[in-house]
Amino acid sequence: MPAAHGGFETFAEHLALFLVARGWHVGVYCQEEVPVVRQRIRSEDWRGIERICVQVASHGPLASLDFDWHCVRDAATRSSSACLVLGYNGAVFLPYLRMKGRKIITNMDGIEWRRPKWNLPTKAWFWINEWIAAWTSDRLVADHPRIADHLATRRPRNATVTIPYGGIPTYQAPEAPVRALGLEPDRYFVSIARIEPDNSILPIVKAFSRKTRRAKLVVLGKLDDSLDYHRQIRDAASGDVLFAGAIYDPAIVQALRFHARAYLHGHTVGGTNPSLVEALWAGNAVIAHDNPYNRWTAGEAAVFFADAESCDKAMEAMLIDDALVNRCRSAARSRAQTVFQWPDILRAYEKEFQALGPSPAAPVGARPAPATADNPW
């Protein structure tokens, strides 16, 4: 924090700033990978939020677990009305936090163990942690009705509240970032996702590359040619596919999304996807993989596909049918305004915190960090 990329980071920033403005004391744990741990935990202020920086000397999944454990240990020493946990991958540590008397709200994210990319031991780890989070947390948050249905197989349904994801309206964006990539506004499709099988990048690229089109396909995401799936994507791409890499500059991403003919969303698993919500707020016509998650989120804003053939037909329809594009764009903004308003979502989270205890005005109830010029708490 400040958020650089990712739905949970963006959500955490919005929620923390909202709560601070309403008198809460908010601490956000931030992972810091270093060669050698010199100061495990330090606090600093960012816009009234206590950034609690946790140093870890490991990398990859091990670093995440190391970080989670030290966050839990530190949180257990602080007096707070609630600990909000985003995701359950490190839920194995939550019983310790519960044993120390802390109230826990967990956003359960997607059904991670169902993702086909994981091997059996990894799926088993996620499955176990899902159960631990479900029974250790005081409240569960589902970001999609289908996720709430799944969680009802773990806990009684009244233990879960459904709160989706929010977005910010985009009504204009400069054309310069688009033209700098050799693109013409309204003459390209854009995909913004991690390059992995769950997100249907290969079928999308194959579908687009089946024929010559008066448009381009822009794929945002990091490609690694050491991975077989990524090599398959490159081999399948025609000359009109632009692999733009992983772009984290919000202004560039916003411009690419806003000026696209349509946004391509190939996610097959998960709940309410932040990138799809942002596309709705940008007024994008959407071409989305056909599954219950995307159908509920996008509604009438999308044309849906199941494979490369149906994706090809959806792309062709979007290119030649202006009326279809305009209907989808209008439906996108209507859907966003109806369901995905940040103020409504943030107030719903605050209501959950209030139900667990009183709202602590900063810094009441917090364990103060050592006083420094950069740390006013």
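Side chains are part of it too, since the values below use all heavy atoms of this structure and drop only hydrogens, waters and symmetry mates.
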Check: F126 ring centre within less than 6.0 Å of W118 ring centre | yes
Could you tell me whether the side chains of Y229 and D224 share a donor-acceptor contact shorter than 3.5 Å?
-> no
If we only count heavy atoms from C-beta on, is the L220 to V253 side-chain gap below 4.5 Å?
-> yes
Shared hydrophobic cluster, L84 / V72 (ILVMFWY, side-chain heavy atoms < 4.5 Å) | no
Heavy-atom pair of closest approach, residues A215 and F208 | O-CZ, 3.4 Å
Check the hydrophobic clustering (I, L, V, M, F, W, Y; side-chain heavy atoms under 4.5 Å; chains of links allowed) and say if L181 and L223 are grouped together.
-> no
Should the pair R234 and F243 be classed as cation-pi, given the thresholds of under 6.0 Å to the six-membered ring centre and 45° from the axis?
-> yes
Would you call D45 and R51 a salt bridge, taking side-chain N to carboxylate O under 4.0 Å as the test?
-> no
Rounded to the nearest 0.5 Å, how far apart are CG of D66 and CZ of R40?
-> 5.5 Å
Answer yes or no: is there a donor N or O on one side and an acceptor on the other, between the side chain of S137 and the main chain of A134, under 3.5 Å?
-> no
Student check: side-chain heavy atoms of P95 and I132 closer than 4.5 Å = yes
For D138, the side-chain contact (heavy atoms from CB on, under 4.5 Å) test, sequence neighbours excluded, returns R98, K103, I104, L356
Determine, step by step, whether E130 and H150 satisfy the side chain to side chain donor-acceptor pair (under 3.5 Å) criterion, reporting the C-alpha distance in whole Å, the side-chain angles of both residues, the deciding distance to 0.1 Å, and the verdict.
-> CA-CA 11 Å; E130 181 186 79; H150 170 72; 3.0 Å; yes
Is any side-chain heavy atom of W113 less than 4.5 Å from a side-chain heavy atom of N129?
-> no
When you check the side-chain N and O atoms of N294 and T297, is any donor under 3.5 Å from an acceptor?
-> no
List the steps and the verdict of side-chain contact (heavy atoms from CB on, under 4.5 Å) for Y165 and W342.
-> CA-CA 7 Å; Y165 191 84; W342 270 130; 4.0 Å; yes
Does a donor on one side chain and an acceptor on the other come within less than 3.5 Å for Y263 and S275?
-> yes
Output every pair passing ring pair (Phe, Tyr, Trp, His ring centres under 6.0 Å) with a member in residues 55-88, not counting sequence neighbours, ordered by first then second residue.
-> W69-F93, W69-Y96
Determine, using ring centers only, whether H267 and Y293 are less than 6.0 Å apart.
-> no
Answer yes or no: is there a side-chain heavy-atom contact under 4.5 Å between I195 and L227?
-> no
Cluster overlap I147 with I163, hydrophobic side-chain contacts below 4.5 Å = no
Donor-acceptor contact present, side-chain Q55 to main-chain V37, <3.5 Å = no
Check against ring pair (Phe, Tyr, Trp, His ring centres under 6.0 Å), H289 and F304 = CA-CA 5 Å; H289 183 270; F304 296 95; 9.2 Å; no
Is any NZ, NE, NH1 or NH2 atom of the basic residue among E112 and R114 found under 4.0 Å from an Asp or Glu carboxylate oxygen of the other?
-> no
How far apart are the closest heavy atoms of H259 and P174, and which atoms are they?
-> NE2-O, 3.4 Å
Using the rule that two of Ile, Leu, Val, Met, Phe, Trp, Tyr join whenever any of their side-chain heavy atoms come within less than 4.5 Å, decide whether F11 and L276 are in one cluster.
-> yes
Distance from C311 atom SG to I287 atom CD1, nearest 0.5 Å?
-> 6.0 Å
Quick one: do R335 and E300 make a salt bridge, cutoff under 4.0 Å?
-> no
Would you say the side-chain atoms of W125 pair up with the backbone N or O of N89, donor to acceptor, closer than 3.5 Å?
-> yes
Is the backbone N or O of D307 less than 3.5 Å from a side-chain atom of S310, with the two atoms forming a donor-acceptor pair by type?
-> yes
Short N-O contact, D225 and R231, less than 4.0 angstrom | no
Does the side chain of W46 come within less than 4.5 Å of L17's, by heavy atoms?
-> yes
Transitive ILVMFWY side-chain link W281 to V325, under 4.5 Å = no
Spell out, as yes or no, whether a donor-acceptor pair under 3.5 Å connects the side chain of N199 to the backbone of I201.
-> no
Which distance, rounded to the nearest 0.5 Å, do you find between the CG of L217 and the OG of S209?
-> 7.0 Å
State plainly whether the residues D149 and R154 are in salt-bridge range, i.e. N to O under 4.0 Å.
-> no
Derivation of the salt bridge (Lys or Arg N to Asp or Glu O under 4.0 Å) call for K206 and D312 | CA-CA 9 Å; K206 283 183 174 180; D312 173 11; over 6 Å; no
Within-4.5 Å side-chain heavy-atom neighbours: M315 and R213 = yes
Interatomic spacing from OG in S334 to CG in L280 - rounded to 0.5 Å = 10.5 Å
Donor-acceptor pair, side chain of E50 and main chain of H25, under 3.5 angstrom = no
Establish, for the pair R155 and W135, whether the NZ or CZ atom is under 6.0 angstrom from the six-membered ring centre and no further than 45 degrees off its axis.
-> yes
Distance-only donor-acceptor check, side chains E196 and H230, under 3.5 Å = no
Measure the spacing between CD1 of I111 and CH2 of W127 and express it to the nearest 0.5 Å.
-> 13.5 Å
Indicate yes or no for a side-chain donor-acceptor contact from R194 to the backbone of G221 under 3.5 Å, with no hydrogens or angles considered.
-> no
Are more than 12 heavy atoms from other residues, nucleotides or ligands located less than 6.0 Å from atom CZ of R73?
-> no
Decide yes or no on side-chain contact (heavy atoms from CB on, under 4.5 Å) for V178 and L256, but give the supporting numbers first.
-> CA-CA 6 Å; V178 172; L256 285 169; 4.2 Å; yes
Sub-3.5 Å donor-acceptor pair from the side chain of Y29 to the main-chain atoms of A75, do we have one?
-> yes
Can you tell me if N284 uses its side chain to pair, donor with acceptor, with the backbone of R257 under 3.5 Å?
-> yes
Side-chain donor/acceptor of R295 to backbone N/O of D290, under 3.5 Å | no
Look at atom CZ of R102 and say whether more than 12 heavy atoms of other residues, nucleotides or ligands are closer to it than 6.0 Å.
-> yes
Derivation of the salt bridge (Lys or Arg N to Asp or Glu O under 4.0 Å) call for D322 and R261 = CA-CA 10 Å; D322 290 342; R261 179 71 171 181; 2.6 Å; yes
Output for pair (I49 CD1, S43 OG), nearest 0.5 Å, gives 13.0 Å
Can you list the steps and then say if E316 with R210 is a salt bridge (Lys or Arg N to Asp or Glu O under 4.0 Å)?
-> CA-CA 11 Å; E316 196 63 23; R210 281 185 164 195; over 6 Å; no
Could you point out which residue of V218, L319, I204 forms a side-chain contact (heavy atoms from CB on, under 4.5 Å) with F189?
-> L319
Validation row: P197, L202 side chains within 4.5 angstrom (heavy atoms) | no
Distance-only side-chain donor-acceptor flag, Q31 / E33, under 3.5 Å = yes
Does the side chain of D143 come within less than 4.5 Å of T162's, by heavy atoms?
-> no
Please say whether more than 12 non-hydrogen atoms of neighbouring residues, nucleotides or ligands are located less than 6.0 Å from NZ in K117.
-> yes
